[in-house]
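Some notes on the structure that comes next.
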Amino acid sequence: MKEKILSIIYAALNDASEELGKPELARPGPETHLYGRKGHLDSLALVNLLADVEQRVADDLGKAIVLADERAMSQKRSPFATAGTLADYIELLLSEG
Amino acid sequence: MGRVFVITGSGKGIGREMALHYLAQGNVVAGCSRGEPSIVDKNYTHFQLDVADEKAVVAMVRTVRKSHGVIDVLLNNAGIAAMNHLATTPMQTLQKVFATNVFGSFIFLREVAKVMMRAKTGRIVNFSTVAVPLRLEGETVYGASKAAIEHLTRVAARELGSSGITVNAVGPAPVDTDLVRSVPPEKIDALIARQAVRRFGTFADVIQVVDFFIDPRSSFVTGQVLYLGGAG
Ligand SMILES: NC(=O)c1ccc[n+]([C@@H]2O[C@H](COP(=O)([O-])OP(=O)(O)OC[C@H]3O[C@@H](n4cnc5c(N)ncnc54)[C@H](OP(=O)(O)O)[C@@H]3O)[C@@H](O)[C@H]2O)c1
């Protein structure tokens, strides 16, 4: 499941890379920084990425999730730090049904 | 080609009339209310839900997007009113009015905005009331909920402006629907007396404003609240 989620995030990052003109996002891995101190995305780009990922999860996995969860906003280690932490977080949301 | 509309509170009143109007123009409409559908049309789909039920709204927006790919217009119309002096207003009234008017409008705004952000275009119209600028006595809770919607409208317009999405609000003067039928007639008369044009509003008056806001040529009109009847 984790691999499937990562591939969804990578697809969304590929699109974002083109749109934002950021080639460093074109070949993403689990360690790719999204948001925060070393992040490649500003807050608006993050919001767009999350909206995109939510819709891809709905289309590809048939599950409706809302990434703007209370916990995501309050966790010490932000789930939006890297592609890997985002995938872990989505896996958690999916496991909760 | 028709556009894809999401209209909340399409079971009766203003929401139902708007749905019929946009269907007649050849658009696709997804509507919702807690009650049974009251429109039968091949381009109409009804979702029986409470707008404050986040899970149900997320599922509805997802279904509409899956069926049509895009959502062009959101008319955030579902709303309930409450008339009461603040000294005798129970807590439940606040909870009910805010749940439907503020939370419901917000959840739809958020979910539909995410779909529109991907498309880089969209039109959102929220529903306020002349009770806000007129500071109507007896409607503290209803007015406060609509004032909150006006603020959501203005800030959302800024946050979504770069995505090609406009967010505006219409503030109807009294229109003869179930919502105002529970208000004592002398109260309505007093309200109408404070308007510049002293008559009831009609469905067509409201639709006229909505038509303007959702026009593709209105891409430079956003963050505005337009009151009918010259109130405010
Ligand atoms: N009529 C006026 O004079 C006037 C003036 C100013 C502003 N407005 C605003 O215009 C909007 C429409 O008003 P209206 O006069 O058409 O009211 P209405 O005739 O009472 O219709 C309201 C619609 O919203 C639905 N609704 C209410 N609560 C809901 C909920 N929690 N979840 C889902 N659907 C819900 C109702 O269906 P169910 O009950 O089956 O759920 C109904 O279809 C409201 O926002 C109102 O505040 C109206």
Side-chain angles (χ1 to χ4, degrees), chain A residues 4-5 7-22 25 28 34-35 39-74 79-80 86 89-97, chain B residues 4 6 30 32 45 47-72 74 102-122 124 152 155-167 222-223:
Chain A
K4 179 78 203 148
I5 298 169
S7 71
I8 287 174
I9 297 170
Y10 296 161
L13 280 171
N14 269 313
D15 280 6
S17 143
E18 250 174 64
E19 217 169 282
L20 302 168
K22 293 203 173 207
L25 290 177
L34 304 179
Y35 187 67
H40 295 291
L41 304 172
D42 63 14
S43 57
L44 189 61
L46 176 73
V47 167
N48 276 304
L49 180 82
L50 296 182
D52 193 6
V53 168
E54 271 183 15
Q55 283 168 39
R56 286 172 194 266
V57 168
D59 290 346
D60 299 357
L61 306 177
K63 292 259 179 65
I65 54 165
V66 175
L67 287 168
D69 189 277
E70 184 98 332
R71 285 164 299 172
M73 304 307 161
S74 59
F80 308 138
L86 178 58
Y89 179 59
I90 292 174
E91 198 168 21
L92 173 77
L93 290 180
L94 288 172
S95 73
E96 290 171 351
Chain B
V4 179
V6 168
C32 70
T45 318
F47 294 78
Q48 203 168 342
L49 55 77
D50 187 320
V51 292
D53 179 346
E54 182 184 16
K55 275 213 159 74
V57 174
V58 169
M60 171 180 170
V61 172
R62 184 185 142 216
T63 305
V64 177
R65 184 181 62 82
K66 276 208 124 177
S67 322
H68 305 291
V70 291
I71 297 172
D72 299 296
L74 166 64
V102 183
F103 300 175
S105 294
F106 182 82
I107 301 168
F108 267 96
L109 177 62
R110 187 188 71 196
E111 290 308 310
V112 172
K114 286 186 283 188
V115 177
M116 291 176 171
M117 279 160 67
R118 283 190 81 182
K120 299 251 174 292
T121 176
I124 297 173
L152 286 179
V155 179
R158 301 186 76 88
E159 291 192 4
L160 301 174
S162 61
S163 300
I165 303 165
T166 68
V167 189
T222 193

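Residue numbers start from 1 in every chain, and the chains themselves are labelled A, B, ... in the order their sequence lines are given, proteins ahead of strands.
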Spacing of B:R118 atom CZ and A:N48 atom CG [to the nearest 0.5 Å]: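 Answer for the CZ-CG pair, B:R118 versus A:N48, is 10.0 Å.
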
Nearest 0.5 Å please: distance from the CZ atom of B:R62 over to the CG atom of A:D59.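 Taking CZ in B:R62 and CG in A:D59, the distance rounds to 8.0 Å.
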
Has A:E91 got more than 12 heavy atoms of other residues, nucleotides or ligands less than 6.0 Å from its CD?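 Enclosed: over 12 neighbouring heavy atoms sit under 6.0 Å from CD of A:E91.
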
Residue B:V115 versus chain A: region with a heavy atom under 4.5 Å: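 Backbone plus side chain of B:V115, per the 4.5 Å heavy-atom cut-off to chain A.
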
Looking only at heavy atoms, what is the nearest atom pair of B:K114 and A:Q55, with distance?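 Shortest heavy-atom separation between B:K114 and A:Q55 comes out as O-NE2, 3.2 Å.
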
For A:E19 versus B:K120, what's the shortest heavy-atom pair and its separation?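 It is OE2-NZ, 3.4 Å.
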
Enumerate donor-acceptor pairs with a distance under 3.5 Å from any side-chain N or O in residues 40-47 of chain A to protein atoms, sequence neighbours excluded.
residue: A:D42; atom: OD1; partner: A:L44; partner atom: N; Å: 3.3
residue: A:D42; atom: OD1; partner: A:A45; partner atom: N; Å: 2.8

Kindly list each side-chain donor-acceptor pair under 3.5 angstrom involving residues 155-167 of chain B, sequence neighbours excluded, with atom names and distances?
none

Pairs of heavy atoms under 4.5 Å with chain A: top-ranked of B:K66, B:K55, B:E54: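 Answer, by heavy-atom pair count under 4.5 Å with chain A: B:K66.
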
Answer yes or no: is there a side-chain heavy-atom contact under 4.5 Å between B:E111 and A:V66?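 Side-chain contact under 4.5 Å: yes.
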
